[in-house]
> 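After the structure tokens below, expect a handful of questions from me.
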Amino acid sequence: MTDLTELELQNIRHLITGYETSYDKMTDYAEKTTDQNLQQFFNKAAQSAQDNKKTLMQFLG
């Protein structure tokens, strides 16, 4: 793995935080709606955010 600069590390951490926020919001929206299609949409978006976060975490260690 390539050594990352301090700026790159900060950017990755910032993106991870954004994906965490997206995951939390999408999960909350999915829980609050009664529409099955919306629940599926929000759950899929939450899973995507979690997957992206996992991918970025690989760069940190």
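All figures in this text were calculated on a predicted structure; none of them were measured in a lab.
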> Compile the donor-acceptor pairs under 3.5 Å between side chains in residues 40-51 and protein atoms, sequence neighbours left out, one pair per line.
unit_1, atom_1, unit_2, atom_2, d
Asn43, ND2, Gln39, O, 3.1
Gln47, NE2, Asp51, OD1, 2.8

> Test: salt bridge (charged side-chain N to carboxylate O under 4.0 Å, His left out). Region: residues 10-22. Which pairs qualify, not counting sequence neighbours?
Glu20-Lys53

> To the nearest 0.5 Å, how far apart are CG in Leu15 and CZ in Phe59?
10.5 Å

> Going through the distances and angles, do Thr27 and Tyr23 end up as a side chain to side chain contact (heavy atoms under 4.5 Å, CB included)?
CA-CA 6 Å; Thr27 301; Tyr23 173 81; 3.6 Å; yes

> Mind checking the NZ-CD1 spacing from Lys54 to Ile16? Nearest 0.5 Å is all I need.
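One gets 13.0 Å once the value is rounded to the nearest 0.5 Å.
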
> What residue pairs, at least two apart or across chains, pass salt bridge (charged side-chain N to carboxylate O under 4.0 Å, His left out) with a residue in residues 26-41?
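Those involving residues 26-41 are Asp28-Lys32.
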
> Report the residues that fulfil ring-ring contact (aromatic ring centres under 6.0 Å, His included) with Tyr19, sequence neighbours left out, ordered by chain and then residue number.
none

> Rounded to the nearest 0.5 Å, how far does CG of Leu9 lie from NE2 of His14?
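It is 14.5 Å, given to the nearest 0.5 Å.
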
> Under the side-chain contact (heavy atoms from CB on, under 4.5 Å) test, which residues partner Thr5, sequence neighbours left out?
Leu7, Glu8

